There are 4 protein chains.
Amino acid sequence: MFIELDLQSENPLYEQLIDRLIEGIASGALKPGDPLPSVRNLAESLGINLHTVNKSYTLLKQDGFLQVHRKRGVIVQPDAMPGVTAEFEAKLFRQLRSLAAEAAVRGMTEEAFVNQCRRLYGDAIRKRGGDGQ
Amino acid sequence: MFIELDLQSENPLYEQLIDRLIEGIASGALKPGDPLPSVRNLAESLGINLHTVNKSYTLLKQDGFLQVHRKRGVIVQPDAMPGVTAEFEAKLFRQLRSLAAEAAVRGMTEEAFVNQCRRLYGDAIRKRGGDGQ
Amino acid sequence: MFIELDLQSENPLYEQLIDRLIEGIASGALKPGDPLPSVRNLAESLGINLHTVNKSYTLLKQDGFLQVHRKRGVIVQPDAMPGVTAEFEAKLFRQLRSLAAEAAVRGMTEEAFVNQCRRLYGDAIRKRGGDGQ
Amino acid sequence: MFIELDLQSENPLYEQLIDRLIEGIASGALKPGDPLPSVRNLAESLGINLHTVNKSYTLLKQDGFLQVHRKRGVIVQPDAMPGVTAEFEAKLFRQLRSLAAEAAVRGMTEEAFVNQCRRLYGDAIRKRGGDGQ
DNA sequence: GTGGTCTAGACCACT
DNA sequence: GTGGTCTAGACCACC
């Protein structure tokens with residue numbers, strides 16, 4: 001799990017971190033039950049503040065992607081991952097609609113757009129069953 | 001062009017307005033050369049601040065989606081729309097990667113995800129050749 | 001809305017504030033659509049930190065009790081309040097079970113316990129339709 | 001007395017254990033004078049730290065629910081259980097007020113709320129006179 | 001040592 | 001002026 005954050009991005013750090021962690025779960029680099037670094041460790045290794053990491057963890061916990069175990073610290077959800085909720089569908093709809101419209105206006109064909117979607121989904125799960133590093 | 005903005009959204013109003021306008025262009029509701037309402041008019045009819053509309057127009061002009069004519073006011077780009085720039089590709093990549101990863105983790109299959117992408121692209125251009133009002 | 005927090009309580013301040021605000025909504029002191037003090041104002045008038053108030057507001061927003069309006073600031077949910085979710089039922093179950101067991105062991109009769117429950121529910125909604133102060 | 005603790009709960013383990021033991025007394029599974037497992041045994045069978053069990057026992061002893069006999073070890077209070085103290089009344093008041101308010105806001109009727117209270121009280125004492133194992 | 005909470009002070013985007 | 005984000009430093013409860 002090498003995580004890099006873009007300090008210049010318009011996206012807040014805690015959201016970038018959330019994205020990287022979900023991508024890690026999708027790719028299999030982070031497997032159900034795997035321990036995550038402590039808030040302090042991760043903050044230090046990323047060069048950001050402890051509270052920022054804590055916010056990411058807390059939000060991921062609220063959504064069911066992580067669990068906070070009394071003794072084991074923070075771990076990847078070992079039971080069922082959250083499914084496709086209405087909230088996620090709404091978010092997916094909103095963001096895809098906006099991206100699709102701009103792609104169309106810019107002259108990207110449906111096939112080019114759809115292929116990109118397919119490619120990135122494939123990339124996301126590429127390492128599934130892999131080594132975890 | 002009925003435009004609705006969500007005052008409770010986390011997305012800033014000016015971005016929502018940009019999205020709606022690009023969607024209007026994609027769908028054909030706004031055609032190249034079509035005049036847009038004046039900043040003042042649109043602001044009033046949407047019930048938002050004049051500066052907010054102005055910001056949206058300015059950004060769309062910078063990206064080449066709109067033109068400001070001395071007398072005709074703001075119009076939809078009558079010449080070539082901006083193409084698929086590196087910037088847009090990067091944005092598309094970033095957002096799709098994040099959405100795809102979350103979709104995968106939530107158990108959405110590749111086909112379901114890709115179909116949703118295709119459907120929304122189709123929706124975006126559905127009215128092309130239509131009346132535009 | 002006179003709110004008092006117990007700085008000595010074992011309950012965190014942000015939870016106490018959440019409780020007081022929900023009680024305010026239940027009693028009718030806070031009506032749907034009513035504006036809430038700004039984060040800074042409330043923090044100052046309560047003598048606590050701005051971030052603590054912010055945390056309470058954020059959690060109440062996530063649960064659907066409050067809305068954050070672009071222009072109007074934070075307001076009480078003007079549409080439908082969140083209903084009896086599975087999460088709330090679980091929380092209610094857990095806490096009531098524990099309280100009921102201890103009450104029983106301490107010799108409180110079922111009628112005494114139930115009456116207390118009824119009385120506090122009545123208290124909670126007592127001012128409904130009242131003046132709002 | 002099958003006790004299960006939730007390692008992911010926000011409630012500390014020692015509080016969960018206290019709750020389970022009081023529920024055991026309420027239901028009759030634990031009768032006045034009954035011996036409790038030693039700190040060491042219980043800790044091992046629950047898979048938690050010895051100090052955690054010790055803390056629960058100590059607090060229950062302080063409140064009068066348990067006694068520590070020189071030779072018989074820890075036993076359930078054989079004489080009069082602690083009654084309805086001012087402290088307990090205050091705790092009951094605080095927690096019920098908060099739950100009742102949230103229930104009301106979420107649209108739970110007084111009857112539904114009170115019925116749930118009555119049901120859980122009934123559940124708590126259901127096994128009284130039963131076998132205790 | 002862990003996460004949770006609170007305080008303090010600062011900057012920014014949005015309206 | 002509003003909420004949102006980030007940093008910094010501190011204390012505490014739990015294990």
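Numbered from 1 within each chain, the chains take letters A, B, ... in sequence-line order. Quick caveat: nothing in here was measured; it's all calculated off a predicted structure.
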Roughly, in whole Å, what's the span from [atom1] in [X] to [atom2] in [N]?
X	N	atom1	atom2	result
A/Gln16	F/dG4	CD	C1'	15 Å
A/Leu42	E/dG3	CG	C1'	14 Å
C/Ile18	E/dG4	CD1	P	15 Å
D/Leu17	F/dC15	CG	P	11 Å
C/Glu44	F/dT2	CD	P	11 Å
C/Ile48	E/dT7	CD1	P	6 Å
C/Glu10	E/dG4	CD	C1'	14 Å
A/Gln62	E/dG4	CD	P	11 Å

Please enumerate all residues that pass side-chain contact (heavy atoms from CB on, under 4.5 Å) together with [X], with sequence neighbours excluded.
X	answer
C/Thr58	C/Asn54, C/Gln62
A/Val68	A/Lys61, A/Val74
A/Leu50	A/Val39, A/Arg40, A/Ala43
A/Ala103	A/Met108, A/Phe113, B/Phe88

- Task: Carefully, step by step, assess C/Asp63 and C/Leu59 under the rule side chain to side chain contact (heavy atoms under 4.5 Å, CB included).
- Result: CA-CA 6 Å; C/Asp63 272 0; C/Leu59 288 170; over 6 Å; no
- Item | Canonical and wobble pairing (Watson-Crick, G-U, under 3.5 Å) of DNA chain E, dot-bracket with | | ||||||||||||||.
- Query: Which sits closer to the 5' end of DNA chain E, A/Ser38 or C/Gly47, going by the nucleotide each is nearest to?
  - Reply: A/Ser38
- Which residues pass the side chain to side chain donor-acceptor pair (under 3.5 Å) test with A/Arg106, sequence neighbours left out? A/Glu102
- Message: Using every non-hydrogen atom in the two residues, find where B/Leu42 and B/Val53 come nearest and quote the distance to one decimal.
- Response: CD2-CG1, 4.0 Å
- Query: How does protein reach along nucleotides 10-15 of chain E, written 5' to 3' as B (base within reach of a heavy atom under 4.0 Å), S (only sugar-phosphate), or - (no contact)?
  - Reply: ----SS
- For A/Leu7 and for C/Asn41, find the nucleotide of DNA chain F with the closest heavy atom, then tell me which residue's nucleotide is more 5'.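 It is C/Asn41 whose nearest nucleotide is closer to the 5' end.
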Atom pairs and distances, side-chain donor-acceptor, residues 93-100 of chain B, under 3.5 Å, sequence neighbours left out:
| from | atom 1 | to | atom 2 | distance (Å) |
| --- | --- | --- | --- | --- |
| B/Ser98 | OG | A/Asp19 | OD1 | 3.1 |

I'd like a table of donor-acceptor pairs (distance under 3.5 Å, sequence neighbours excluded) in which one partner is a side-chain atom from residues 1-11 of chain A, with atom names and distances.
| from | atom 1 | to | atom 2 | distance (Å) |
| --- | --- | --- | --- | --- |
| A/Asp6 | OD1 | A/Gln8 | N | 2.8 |
| A/Asp6 | OD1 | A/Ser9 | N | 3.4 |
| A/Ser9 | OG | A/Asn11 | N | 2.8 |

